[in-house]
S.K.: 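Before we start, here is the structure in question, set down as structure tokens.
Order of the sequence lines sets the chain letters (A, B, ...), proteins ahead of strands, with each chain counted from 1.
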Number of protein chains: 2
Amino acid sequence: MDQPYDVYEERCPTRMVLDRLADKWAVLILDRLDAGPVRFNHLRRDISGISQKVLSQTLKKLERDGLVSRAAFATVPVTVEYALTPLGQTLTETVSALAHWAERNMAAVLAAQRAYDAAPRG
Amino acid sequence: MDQPYDVYEERCPTRMVLDRLADKWAVLILDRLDAGPVRFNHLRRDISGISQKVLSQTLKKLERDGLVSRAAFATVPVTVEYALTPLGQTLTETVSALAHWAERNMAAVLAAQRAYDAAPRG
DNA sequence: CTCCTTAGTTTCCGATGGAAACCTTGTTTC
DNA sequence: GAAACAAGGTTTCCATCGGAAACTAAGGAG
């Protein structure tokens, strides 16, 4: 049972997938959806700083990749709910770890940045 | 013990860190360095498709954030070795999981894309 | 009649990424 | 002694991408 895919290969399709997942906004969206279905504007408010265009584009790509499902309800005004698919759920632990590593290790990173910037260079 | 950082907040410094980590090239570099120190051109060959400019820039940022260390040796020609710092090592399991999730789930993603593209839309 | 809601799309501009050329130091080849 | 090659970058140029803001559609409230 050899792995047919190699993410280090430029032409491997896994590269496209990694490119999609290794994205600040995709990570935040997937992590947010782990708590349950969320509407478009709710996501937009929760993930402060994301633009409508990028949220829309990112959701569309995640839907195409089978990670997120989209359900529109004929309410007034129309509401649309986004949720994780089973495939998407296999990813949330990893994505969540990445998103929250920064929160746990922020102090160390800031210290490293100060040390780097203080060191004479060039 | 309240977490002072929230990655969902636009102005939180964790956002900058997530932006750095949630990057295709950074993920591949960190995963590659997990096996041990590697030289610049070796990384460049292993990670097919990365340009020198982006490799150089990404390594510099990772070094500034304290995730990667840089060691230059006065050989001829000069060799430079990049390695994970202890802080960087706390991240590799997560990063590796992300990089290789695509390899394990590629078939499912491709199937989802075909289904999405086949469905009439708009 | 006007404003507000949801869920987007469009437009415009500045920032980023990739390709390719150039640079520096020093060694080997012709 | 000129050319080529090696490592580790930097510079230049252009195309694409991201963010800000405006616009769309369909309906409800005041």
S.K.: Provide the closest heavy-atom pair for A/Leu21 versus A/Leu67 in the form atom of the first, atom of the second, distance.
M.R.: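 Looks like CD2-CD1, 3.7 Å.
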
S.K.: Can you give me the closest heavy-atom contact between B/Val68 and B/Thr85, atom names plus distance?
M.R.: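 In terms of heavy atoms, the two residues are closest at C-CG2, 3.7 Å.
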
S.K.: Give, for atom CG of A/Leu84 and atom OG1 of A/Thr92, the distance between the pair rounded to the nearest 0.5 Å.
M.R.: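 One gets 6.0 Å once the value is rounded to the nearest 0.5 Å.
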
S.K.: If only side-chain N and O atoms of A/Lys60 are considered, is one of them under 4.0 Å from the OP1 or OP2 phosphate oxygen of C/dG8?
M.R.: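 No.
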
S.K.: Shortest non-hydrogen contact from B/Asn41 to B/Gln52?
M.R.: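 Reported closest heavy-atom pair: OD1-NE2, 4.3 Å.
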
S.K.: Any idea which heavy atoms bring A/Val27 and B/Ala22 closest together, and the distance?
M.R.: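 What the structure gives for the nearest pair is CG2-CB, 4.2 Å.
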
S.K.: Tell me, for nucleotides 11-22 of chain D in 5' to 3' order, what letter each nucleotide earns: B for a base near a protein heavy atom under 4.0 Å, S for only sugar-phosphate near one, - for neither?
M.R.: BB-----BBB-B

S.K.: Check DNA chain C against residues 29-41 of chain B and give the residues with a non-hydrogen atom under 4.0 Å, in numerical order.
M.R.: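 Heavy-atom cutoff 4.0 Å gives no residues at all.
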
S.K.: Tell me whether the OP1 or OP2 atom of C/dT6 has a side-chain N or O from A/Tyr82 closer than 4.0 Å.
M.R.: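 Indeed not, no polar side-chain atom of A/Tyr82 lies that close.
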
S.K.: Can you tell me how far P of C/dG8 sits from CG of A/Leu59, to the nearest Å?
M.R.: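 Result: 8 Å.
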
S.K.: Please determine, for the side chain of A/Val78, which listed nucleotide (C/dG8, C/dA7, D/dA7) has the closest atom?
M.R.: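 From the listed options, C/dA7 comes nearest.
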
S.K.: Starting at atom NE2 of A/His42, determine the distance to atom P of C/dG8, rounded to an integer number of angstrom.
M.R.: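 So the NE2-P distance, A/His42 to C/dG8, works out to 16 Å.
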
S.K.: Using a strict threshold of under 4.0 Å (side-chain N to carboxylate O), is an ion pair present between B/Asp117 and A/Arg64?
M.R.: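 A salt bridge links A/Arg64 with B/Asp117.
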
S.K.: Could you tell me how far apart B/Leu55 (CG) and D/dT10 (P) are, to the nearest whole angstrom?
M.R.: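 Distance check: B/Leu55 CG to D/dT10 P gives 11 Å.
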
S.K.: Please report the distance, rounded to the nearest Å, between CZ in A/Arg15 and P in C/dG17.
M.R.: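 Distance check: A/Arg15 CZ to C/dG17 P gives 15 Å.
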
S.K.: Using a cut-off of strictly less than 4.0 Å, decide whether A/Ser56 has a side-chain nitrogen or oxygen near OP1 or OP2 of C/dT9.
M.R.: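 Looking at the OP1 and OP2 atoms of C/dT9, one of them is under 4.0 Å from a side-chain N or O of A/Ser56.
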
S.K.: Check the phosphate of D/dG8 against B/Arg45, side-chain N and O only, distance under 4.0 Å to OP1 or OP2. Yes or no?
M.R.: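 Looking at the OP1 and OP2 atoms of D/dG8, neither is under 4.0 Å from any side-chain N or O of B/Arg45.
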
S.K.: Grab the CD1-P distance between B/Ile47 and C/dG17 for me, whole Å please.
M.R.: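 Checked: the CD1 to P distance equals 15 Å.
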
S.K.: Just how far is it from atom CH2 of B/Trp25 to atom CG of B/Leu30, taken to the nearest 0.5 Å?
M.R.: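 Reported value, rounded in 0.5 Å steps: 14.0 Å.
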
S.K.: Provide, to the nearest angstrom, the distance between the CE atom belonging to B/Met16 and the P atom belonging to C/dA15.
M.R.: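 Nearest whole value for this atom pair: 17 Å.
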
S.K.: Please report the distance, rounded to the nearest Å, between CZ in B/Arg44 and P in D/dG8.
M.R.: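 Atom-to-atom, B/Arg44 to D/dG8, this comes out as 10 Å.
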
S.K.: Among B/Leu55, B/Thr58, B/Leu28, B/Ile50, find the one that has a side-chain contact (heavy atoms from CB on, under 4.5 Å) with B/Leu43.
M.R.: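 With B/Leu43 as partner, B/Leu55, B/Thr58, B/Leu28, B/Ile50 yield a single side-chain contact (heavy atoms from CB on, under 4.5 Å), made by B/Leu55.
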
S.K.: For atom CD of A/Gln89, decide whether the heavy atoms of other residues, nucleotides or ligands shown that lie under 6.0 angstrom number more than 12.
M.R.: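 Yes, the 6.0 Å shell around CD holds more than 12 heavy atoms from other groups.
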
